[in-house]
**Student:** 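Structure in structure tokens, see below.
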2 protein chains.
Amino acid sequence: YPYNLDFDYGALAQLQHFSINNLGDPFIESNYGVHSRQFEVGVLDWFARLWEIEKNDYWGYITNCGTEGNLHGILVGREVFPDGILYASRESHYSVFKAARMYRMECVKVDTLISGEIDCADFRAKLLANKSKPAIINVNIGTTVKGAVDDLDLVIQTLEGCGFSRDRFYIHCDGALFGLMMPFVKRAPKVSFKKPIGSVSVSGHKFVGCPMPCGVQITRMEHVNALSSNVEYLASRDATIMGSRNGHAPIFLWYTLNRKGYNGFAKEVQKCLRNAHYLKDQLRAAGIGAMLNELSSTVVFERPRDEDFVRRWQLACEGNIAHVVVMPSVSIEKLDVFLNELVKNRSTWYQEKQPPCIAADIGKENCACPLHK
Amino acid sequence: YPYNLDFDYGALAQLQHFSINNLGDPFIESNYGVHSRQFEVGVLDWFARLWEIEKNDYWGYITNCGTEGNLHGILVGREVFPDGILYASRESHYSVFKAARMYRMECVKVDTLISGEIDCADFRAKLLANKSKPAIINVNIGTTVKGAVDDLDLVIQTLEGCGFSRDRFYIHCDGALFGLMMPFVKRAPKVSFKKPIGSVSVSGHKFVGCPMPCGVQITRMEHVNALSSNVEYLASRDATIMGSRNGHAPIFLWYTLNRKGYNGFAKEVQKCLRNAHYLKDQLRAAGIGAMLNELSSTVVFERPRDEDFVRRWQLACEGNIAHVVVMPSVSIEKLDVFLNELVKNRSTWYQEKQPPCIAADIGKENCACPLHK
């Protein structure tokens, strides 16, 4: 449901007849023959252009999933600053905190605003309390639950305002879902290597719709040299987390990027945002508390009380709220079916009880409980 | 070439039309709908039976590759013994040393015998020098280059002989290639959870021939509880390294295990060993230095002098030696083509020069240089 599956499979399905394995560094020729490294580099070049970094200045690879991108970005940060403290907002993906534990890094959780964005006032206070150590920051380009986009420029400003010069911090941007949509949203703050960021990762199986979990990870060449070590066995140095990587994913990604192109993506993003607004407006019109961040297609609303309903619609829930991520495959017609079913069911859930207050989760202005509506 | 590709693809290829993603713990129901968790658990049960651990005593998952299995096994070891020292033979896969660096673990490299097996005399000396800290040991069930199988029983005996009781060591068995073949080799030492081991991993895309990189990781339930943490977002706790995992791999694995069965694998293993012996014997008969470990189908021989030849045959090389991993897809006919081409080319490489001595790599008795032949 939250995935975009409109591939032209004809020839691509035939690829499954071959085992394709990309080993080690995508930019270095290896002696293992059945690979798709040219496609991988083609996809990476596309993202390097999108995020404004020159061909010779970047390094990257196609990962097995968004988690691997975060594990890689944070590891690069730790290798650049071995005694750095990892800062991440509470609403960061759990793989960020998993990385801190795996890598034995000191980790400071930063508070969030109601929107789900990092609270830069709290970030400032925590930076000032730890001025003696470099900072490694996970910036969310779309949080998992609320689709909130951390304000990258304000994060950088906060760092510099606290006296952290550019050689004392490393920023990893976790763009799992929204990193690929945001470049096509008007007025969205730009993710760009022209700013002092160290790495960006996105998922390939969500918005792009690749049929196997995968992701794209881009970092600066200067950083990755510290990480890699020569491994003669593969005739390739290895700066990836996983050595073997699915070779089909780069071909699917390359095909989609080229078939849809920049304009195709722009149109799909517009459609997602339009449909997300429609869903939020219809929920509110039906008296259901709902929130939609300005730059996001993730609609957050009151958690349905029936677990069967939650399972049938595969809603991700956390505490009192649920969310729908509006992807290109989600049409207005499908949203209407969902809305009708929700409204009908909800009338039976709240016959004798009042709907819950979710102002603490989505803000008073978005809550539809008896007190706030 | 080193892979086994004889799937009946008819229906399976259709699966590529669906995005299948296994998130989080395979044993806990999640709210993400399009998964293949039943197949995953079926495959894990098969391996649990093979390695003699009861259904309720094990935990495991299908990984993205052999490297992920090692990363997981060593992480479990570190969580069990936070101040443990990692011991691994010099010929261990590079992912083992990558893990030590990622996890900030003290790591002691142990010497190897000419065969490639861990040298337990050196292991003993190094254990005695570090008696104050628990031991985490990577045991190779088939090293990458020489296919050497570490003597698990001797490793355990050495640990106990040095005064390490069972609550002071953790053994991870890296069975990337050979972990799945060895159970079918007569007289091979047994990998079994009836012995004091903590985890075993194998690759699924090598001997089993799964068309995408994948692997199987099994550990004891008691160990993994320390690792996992609750993540409400997925309605699933997460003890894996990667959160999202390719859902096609478990279906391919399950299908192959069931189609071939225990007897089918036994036959294929016999064929591989027979053909590997043939290759080694023919090389020696042609005056070319070559070695084959008793329990292995990896033939090690003099590195060909022509890089085009190496690339065309996709030979993995290290220093003065190259290897061929004889898989079920490698027939006698193919080996003959390879041997003829090698012998013909070699006669031009060594017209005026003597072939190199490789006794240091494969032993005097296997070397065919003028001094040792």
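So you know, we letter chains A, B, ... as the sequences are listed, proteins then strands, and number each from 1.
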**Student:** For chain B, which of Pro82(A), Gly247(A), Ser95(A), Ser203(A) has the most heavy-atom pairs under 4.5 Å?
**Tutor:**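 It is Pro82(A).
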
**Student:** What residues form a side chain to side chain contact (heavy atoms under 4.5 Å, CB included) with Thr63(B), not counting sequence neighbours?
**Tutor:** Tyr61(B), Glu68(B), Gln217(B)

**Student:** Kindly indicate whether the side chain of Arg104(A), heavy atoms from C-beta on, has any atom under 4.5 Å from the side chain of Tyr103(B).
**Tutor:** no

**Student:** Looking at Met102(A), Met105(A), Arg312(A), which one has more heavy-atom pairs under 4.5 Å with chain B than the rest?
**Tutor:**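 Answer, by heavy-atom pair count under 4.5 Å with chain B: Met102(A).
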
**Student:** Please flag which part of Glu307(B) lies under 4.5 Å from any non-hydrogen atom of chain A: side chain, backbone, both or neither.
**Tutor:** neither

**Student:** Of all the heavy-atom pairs spanning Lys98(A) and Ile241(B), show the shortest one and how long it is.
**Tutor:** NZ-O, 2.8 Å

**Student:** Between Asn64(B), Thr67(B), Leu75(B), which has the largest tally of heavy atom pairs under 4.5 Å with chain A?
**Tutor:**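 Ranked by contacts with chain A, first place is Asn64(B).
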
